[in-house]
Peer 1: 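One structure coming up, written as structure tokens, with questions to follow.
So that the names make sense, note that chain A is the first sequence line, chain B the second, and so on, each numbered from 1.
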Amino acid sequence: QAETKLRMYWWGSKERADRTFAANKLYTDKNKNVSIEGETLGWNDYWTKLATQVSGRNAPDLIQMDYRYIFEYARRGALLNFDPYMGKVLQIEDFGKEATDAGRVDNKLFGVNLGMNSMVTLVNRSVLDQLGFKAPTTETTWAQFAEMAAEITKKANRPGFFGVSDASGYEPEFEAFCRQRGKALYTADGKLAFTAEDAGAWFDMWDKMRQAKACVPPDVQALYKNSIDTSPVTLGKSAIDFAHSNQLVGFQALNKEKVGIAPLPNAGAGGKPGQYLKPSMLWSVSAQSKNPEEAVKIVNFFVASPEGAAAIGLERGVPASAKIRAALLPELDALGKETVDYISLMSKHVGALPPPPPKGAGEIESVLRRVSEEIAFGKVKIAEGAKKLVAEADDILSRG
Amino acid sequence: MKSDAAAHVPGTPRRGAFGSLATHAVLIGVSLVMVYPLLWMIASSLKPDSEIFNSASIFPAHPNLSAYARGWYGLKVSFGKFFTNSAVIAVLAVIGNVMSCSLAAYAFARLRFRGRNFWFAIMLGTLMLPYHVTLIPQYVLFLNLGWVDTFLPLVVPKFLAADAFFIFLMVQFFRGIPRELDEAAIMDGCGPWRIYWKIMLPLAVPALATAAVFSFIWTWDDFFAPLIYLNDMESYTFQVGLRTFVDSSGQSDWSGLFAMSVVGLVPIFVMFIFFQRLLIDGIATTGMKR
Amino acid sequence: MASVELRNIKKRFGDVEIIHNLDLRVEPGEFTVFVGPSGCGKSTLLRMIAGLEEITAGDMKIDGQLMNDVAAASRGIAMVFQSYALYPHMNVFKNMAFALETARFPKAEIEQRVRRAAQILQIEHLLQRKPKQLSGGQRQRVAIGRAIVRNPRIFLFDEPLSNLDAELRVQMRVEIAKLHRDLGTTMIYVTHDQVEAMTMADKIVVLRAGRIEQVGTPLALYNEPANQFVAGFIGNPKMNLLKAELADAGPGRALVNVAGKPIDVPRQLVEQHRGAVTFGIRPEHMELGGAGLTLGPARVQVVEQLGGETLIYAELADGQPLTLQMQGQKRVLPGETVEASFDPAQCHLFLPEGRSLC
Amino acid sequence: MASVELRNIKKRFGDVEIIHNLDLRVEPGEFTVFVGPSGCGKSTLLRMIAGLEEITAGDMKIDGQLMNDVAAASRGIAMVFQSYALYPHMNVFKNMAFALETARFPKAEIEQRVRRAAQILQIEHLLQRKPKQLSGGQRQRVAIGRAIVRNPRIFLFDEPLSNLDAELRVQMRVEIAKLHRDLGTTMIYVTHDQVEAMTMADKIVVLRAGRIEQVGTPLALYNEPANQFVAGFIGNPKMNLLKAELADAGPGRALVNVAGKPIDVPRQLVEQHRGAVTFGIRPEHMELGGAGLTLGPARVQVVEQLGGETLIYAELADGQPLTLQMQGQKRVLPGETVEASFDPAQCHLFLPEGRSLC
Amino acid sequence: MARKVLGHDAGAYLFLAPWLIGIFVLTVGPALGSLYLSFTRFDLITEPRFVGLANYTRIFTNDAKFLAAMKVTFTYVLLAVPLKLIFALSVAIVLNKGLRGLTVYRALFYLPSLLGGSVAIAVLWRKIFAKDGLFNDVLSTFGIDGVSWIGDPDYALYTLVVLSIWQFGSPMIIFLAGLRQIPQDLYEAASLDGASKRRQFWKITLPLLTPIIFFNAIIQTIEAFKAFTPAFIISEGTGGPVNSTLFYTLYLFQEAFSYFRMGYASALAWILLVIIACFTAVSFISARYWVHYEE
Ligand SMILES: Nc1ncnc2c1ncn2[C@@H]1O[C@H](COP(=O)(O)OP(=O)(O)OP(=O)(O)O)[C@@H](O)[C@H]1O
Ligand SMILES: Nc1ncnc2c1ncn2[C@@H]1O[C@H](COP(=O)(O)OP(=O)(O)OP(=O)(O)O)[C@@H](O)[C@H]1O
Ligand SMILES: [Mg+2]
Ligand SMILES: [Mg+2]
């Protein structure tokens, strides 16, 4: 009978579950005194339950973390600081500083990178090919992109089909846009790092695209629910959308036509890199764990041991460890290869990891979305909307 | 059911063939609107995922049943297990709700005691608080009781009449039962327990059946409580199992989800058909002069 | 056997007082009949005795024990409801067996008692039916059956035979009387049927608007009604009550003027009085022709032939109505004039406020 | 005024046939009374006429028009239910006004009619009450009121006076008779009260177990019952029916042996017969002493004093029971032997299968 | 009277025992807990910090989302509840007539309610009320050019009202059960009084069904105030487009679980409770004038 029982908690698909259970089995077969109880849920339910469990002091030992939430949990002391284990139980030196620091909050390591990820321009290749367009490259500027999108709409000439989704409410793309202008979303001390002017420029750009019918109308975009199945590309309403590189597989599954990924447009000459590499997800360990050391060992098994890594494969993203990545590369399928290639390509074009977002960042994301909709539906003027965004964001930040 | 013939009010002319045809036509029309989503779900379960979202036609181009097998065995634990778990919980919930709520309802409807109005107000009040805010305190409570990751948090509250909806429902129905029957039973030497058991319950069969149907269906359909309280996949309910299919951030097995959704409808639909037979003619008021 | 004692009983529904300071004692084993006009409070009284209706004020004792706050179920009373109140979900057998099952009688005895009662009530063939499949009279018999299968301390019957045909009613009357004889149980019985009241009662209680007008044996009420109300209420057809003048009275006799006729009533008045009185004579105490006194010629208005008897509704010379009950089928036609005679010893005199003068 | 015609009517509840091939014609404006033992099908028949109960087979016509499939609401019938069926959510006024409101009578007229009916029924002070606040008799009166405010083609009354006291019952009887006279509406009336049946009916229909036993005027039924059942059913107390031997019969006379006594009955037999017969004589046709024939000495078993009359239940020498009805309060005690005489012209003879022999 | 049946209150409390235990053990604690939390700042993880009335003050003085949520919720309650009840009642009445195939219809009509707020419904609803959805297809056969009902902030909420009406199964079943309790002989009396079916409905059925109508109205109102799942149909819980489907409980949920402000959410919950309680209290007072009870 196992003396050490650990609970592991993650979201994701059946594929992920299968692989994770397999990896766990490998681990427990070798460590007979350990048992791992795996719990898996879909994304939406995952966070409610996690919050409840953490709040009830009954958090699972191993928690799959998202970049969006790690700050919230880490700053509130819910997660274990990995630093004491670094180099001992946790051997992830070969991740490189960037990939490791992606799991740092306020200079402490709370999450171990499970895979590298970046924003992408997601394109319906079949449509682009058919209409004679090329997917954006690292050279494409926002202006060219807008032009191309308008062209696509015109060329496709199908009612209800447009060049691109309306991304004016997408936070990652807005962030990239700000970074390209030399700004950011937040400063290191948790203040707003963009101005109403930046926001205005962003909204204005999208507004022009809307006028030009380059992007989908607001009532179509309004149905986007941050999920693959509601993406205008999946629904056949646009040729291009924005996403994250690890979502390529998911997109392809729901699309009959061939989809692909490309870099985000840039600001053109004098622009700064907007994209950055961030972890697709991370392993965290609960601060409440009774067996933190064992938990960290398991984390290590997943990200640094060849067997563990082999078991989970690329399903959670491209491993940060070069060693592991090299070992896994041969078994990649086409989509996996495309992803890995993209990450490699982008490594040269990305900027530094932004400072960790402050508390309230999640709420500001929803404000961005709402303001963008208000503008799109003509409820407020662009300048007004930009001011509103900044004002509300400031308010949220000051509330903490 | 004898309903068809018997429910015809004697002496009223049977509606002309045309009239009833028209009624049926309307009803069938409405039925279509009602059934459409089910048809769509079934159709979707027969499509590959890539066809579900961007195909305009409801009919699958190449219907294929593989999603059912894939869905059923799709997770580490098969849906058979989830099915059993859900069934156990739902059946216990039905028993618990019908028993405990009818007891409380009887007290509210028929007994006069100090504090009745106060407790009745409290009972209604429990309907009003959104469960999200009591979730955490309740979670802590169940955790301290050692009930988390068992069926107890899902079942025990039903035996403690936590669902005020059913209490209120039964109160309304009990109040419709003539008091003279209680009085007759009192004269026959019955105490309140026997009146409750021998008079109220049999006469409130339609209400009890309604409560039973709803208990079963709602418990079956509930995902939030099992989601929160059950950790071990072996103990997942059907709905929680379904939820693990969909992960909006990444790859999901949509046709498997729809296939299992369809399968999950079967027991509640059967239960509904079964229980609705108990929605028989009210018998509460014959046998006396009024 | 149990006595029932009501002392100073009041009943109020909201603001309306229905029973006013009522006092009554029912002796153990006595068969007491409540009669009174519709709505006078008979059922309410029974329900208070049964414990189904709260007693607003006053004491109710059974066998000397205060019962006001004793649960109905533990008073040991069986009751036949005016509205039957059959259990709609139980068949006739179950309806009747219910009280016995409640008291945990052995199955065999329940079976035997119910069958016996069903036999008495002639509803054996209906035992498997539900109440809604019964006729009105059958329902009423089940309601009786439900009470008589038991051995309570007290039986309460609220118009138990009102929906039965004459023949069945006689039979049931006999059966209830027999039950009373056999068990000796105290019985309180509400009826509107004069024959039932007269034949079954040890004691009749005449109620009116929540007050007792008179208590007594049937014949006492018939022969010596305490007041005009009781006189009119007991006896069917109703006693003729005529406006009269008491002209003079001496020991053992009184002289009254009725419809212009002086009549010498050979009775002792209980108090001194002169002037307006009410003169009462029962229809069955008058005969056509005959040798007694008469009230003068009367014009026949309506004749009712009941087969065994004939009722004649006539009008006296001064316009006052007079009812005559004749044996057999008399050939009298409306419009004729008849003269009826009577024995003045059978007359009654009442004060204007109603009290009997003799 | 409307006629009602039932032809070959059958009613089945499930497997049980309740009404068997019944034929009946009620003339326009006629007052027809249904009598019969409890459960014989009276209410069912009324309900079929009203259209509340499906007619299993046969034709039902009103004014010659086939009604089987006409909705109850359009038959123009008012009915007083045996179970009252008052609307529990409406007060008394509303209950009575409902039909009028339905027919869109002007408000003032509704008000006036309801008040008038309430006055007749003596329930004016109850108009604002809900049914559950009424006594049994008050409810019954509301049920009557609900019917009589209307001017229907046909009135159906199902034991409308069963819960009223004697006085009220007489008044109501008179009022209904008056209504009948004034409106001339066809009325069908179910009652168990002999007096009601005899005094109100133009025509009495005697039912038994779903079949008509006899139809006729009240006195015809009383004097010439078609069979033993009718003889026993009409008349209260019930006719004495004694086992007898028909020894001989000639024109206008018959010789029967009853309780060992030869009796010469001066009646014309309708058919030839010898041997066992039933001999019938009504209690009210017998007198103590007297000059008529006698059945020999009888031992008194029970004596019932009704005030105006005395019922004596006795036993003949051969053990057959005999009931005697005497005028006044006779001092007879159980155990005594009495000898009663009768006029043989008032006797009845019945064949063993029941048919009347004379 | 019943007091006497039992001798004293204890008997009644015995019947209530399971419920009372439940109340005290399961409900009162957590409810009071949330009441306390409403006066604190609580981020789910660190200890709650008492802040007095700060949460309430902010809600009432400085919370645009609260106002938006109130507007959405009240609109929803005022539209969805009466329409759904009327629809449920109408169908129940039709189904109560004893038509052939009654059981089949009843089951079919209950189907949408069986599906609840499932993923399938969400996907489908969006498909049907999209600009190129089924609904607009139907409209276009009448020559009407529809908008994107579900994507337009001016209309999105109404599609959820429609959804709520469409899921009328539960009140329908309860109405059906209630209809079965009405004594048949009253219809007999009414038909002899010449009342048409329609009049019988208004004068007999409706008044005698009032206890059940009352029940359904109260329950549906409470449910509508607490509406949560429908918000996920359109916006996956964001309340969009432009807060047009920001239901009160959704806002509350966001505050609690997305933004880690359980204290604030608790204050929101208690305000909602007071609002619903007022509605309910008014209903109960009004019930004295229109609800008919048998006793
Ligand atoms: N629904 C039913 N199912 C079966 N039998 C029934 C049903 N309704 C009535 N009966 C039977 O039909 C017979 C006639 O009933 P009906 O009510 O007409 O009697 P009735 O003559 O009015 O009797 P009463 O004088 O007691 O009211 C009775 O024997 C009764 O038991
Ligand atoms: N719940 C009530 N609220 C108000 N008044 C009531 C209530 N119940 C009965 N009453 C009144 O009390 C009086 C007595 O009623 P009760 O039923 O005792 O009469 P009853 O003597 O039995 O008459 P009946 O012979 O008609 O049955 C009646 O006038 C009645 O209207
Ligand atoms: Mg009474
Ligand atoms: Mg009858």
Peer 1: Is the terminal nitrogen or CZ of A:Arg399 (NZ for Lys, CZ for Arg) located under 6.0 angstrom from the six-membered ring centre of E:Tyr264 and within 45° of that ring's axis?
Peer 2: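 Yes; both conditions hold, so A:Arg399 lies above the ring face of E:Tyr264.
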
Peer 1: What's the spacing between A:Tyr69 OH and E:Phe260 CZ if we round to 0.5 Å?
Peer 2: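 Going from the OH atom of A:Tyr69 to the CZ atom of E:Phe260 covers 6.5 Å.
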
Peer 1: Of all of A:Lys379, A:Arg369, A:Gln221, which one pairs up most often with chain E through heavy atoms under 4.5 Å apart?
Peer 2: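 Option with the top pair count is A:Lys379.
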
Peer 1: Within residues 149-168 of chain E, which positions have a heavy-atom distance to chain A below 4.5 Å?
Peer 2: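 Contacts with chain A: E:Ile150, E:Gly151, E:Asp152, E:Pro153, E:Asp154.
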
Peer 1: Relative to chain A, which segment of E:Glu255 carries a heavy atom at a distance below 4.5 Å: side chain, backbone, both, or neither?
Peer 2: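 Only the side chain of E:Glu255 comes within 4.5 Å of chain A.
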
Peer 1: Could you tell me whether the side chain of A:Arg57 and the main chain of E:Ile45 form a donor-acceptor pair under 3.5 Å?
Peer 2: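 Indeed, once roles are kept as given, a pair shorter than 3.5 Å links the two residues.
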
Peer 1: Under 3.5 Å, which donor-acceptor pairs do the side chains of residues 73-83 of chain E form with other protein atoms, sequence neighbours left out?
Peer 2:
unit_1, atom_1, unit_2, atom_2, d
E:Thr73, OG1, E:Ala69, O, 2.7
E:Thr73, OG1, E:Tyr248, N, 2.9
E:Thr75, OG1, E:Lys71, O, 2.5

Peer 1: One thing to verify: whether E:Arg58 and A:Asp395 come together as a salt bridge, which I'm taking to mean a side-chain N less than 4.0 angstrom from a carboxylate O.
Peer 2: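 Here A:Asp395 pairs with E:Arg58 in a salt bridge, since their nearest N and O are under 4.0 Å apart.
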
Peer 1: Applying side-chain hydrogen bond (donor to acceptor under 3.5 Å, both in side chains), which residue pairs with at least one partner in residues 45-56 of chain E are found, sequence neighbours left out?
Peer 2: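 Listed once each, the pairs are E:Ser38-E:Tyr56, E:Asp43-E:Thr46.
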
Peer 1: Could you pull out all residues at least two apart from E:Val138 that satisfy side-chain contact (heavy atoms from CB on, under 4.5 Å)?
Peer 2: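 Applying side-chain contact (heavy atoms from CB on, under 4.5 Å) to E:Val138 gives E:Phe142.
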
Peer 1: Are more than 12 heavy atoms from other residues, nucleotides or ligands located less than 6.0 Å from atom CG of E:Asp145?
Peer 2: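 No, because the 6.0 Å sphere around CG of E:Asp145 holds 12 heavy atoms or fewer from other groups.
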
Peer 1: Do E:Arg126 and A:Thr230 touch side chain to side chain, with heavy atoms closer than 4.5 Å?
Peer 2: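 Result yes, sub-4.5 Å side-chain heavy-atom pair found.
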
Peer 1: Report yes if the side chains of E:Tyr259 and A:Ser366 come closer than 4.5 Å at any heavy-atom pair, otherwise no.
Peer 2: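 Yes, at least one pair of side-chain atoms sits under 4.5 Å.
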
Peer 1: Rounded to the nearest 0.5 Å, how far does CZ of E:Phe257 lie from CG of A:Leu50?
Peer 2: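 Here the rounded value is 11.0 Å.
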
Peer 1: For the pair E:Arg261 and A:Glu363, find out whether any cationic side-chain nitrogen is under 4.0 Å from an anionic carboxylate oxygen.
Peer 2: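 A:Glu363 and E:Arg261: salt-bridged.
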
Peer 1: Does the pair A:Ser55 and E:Phe42 meet the rule for a side-chain contact (heavy atoms from CB on, under 4.5 Å), with working shown?
Peer 2: CA-CA 10 Å; A:Ser55 183; E:Phe42 177 45; 3.7 Å; yes

Peer 1: Taking side chain as C-beta onward, heavy atoms only, is A:Asp219 less than 4.5 Å from E:Lys131?
Peer 2: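 The answer is yes, as the side chains (C-beta and beyond) meet within the 4.5 Å cut-off.
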
Peer 1: Closest heavy-atom contact between E:Pro241 and A:Glu373?
Peer 2: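 Taking every non-hydrogen atom into account, CA-OE1, 3.2 Å.
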
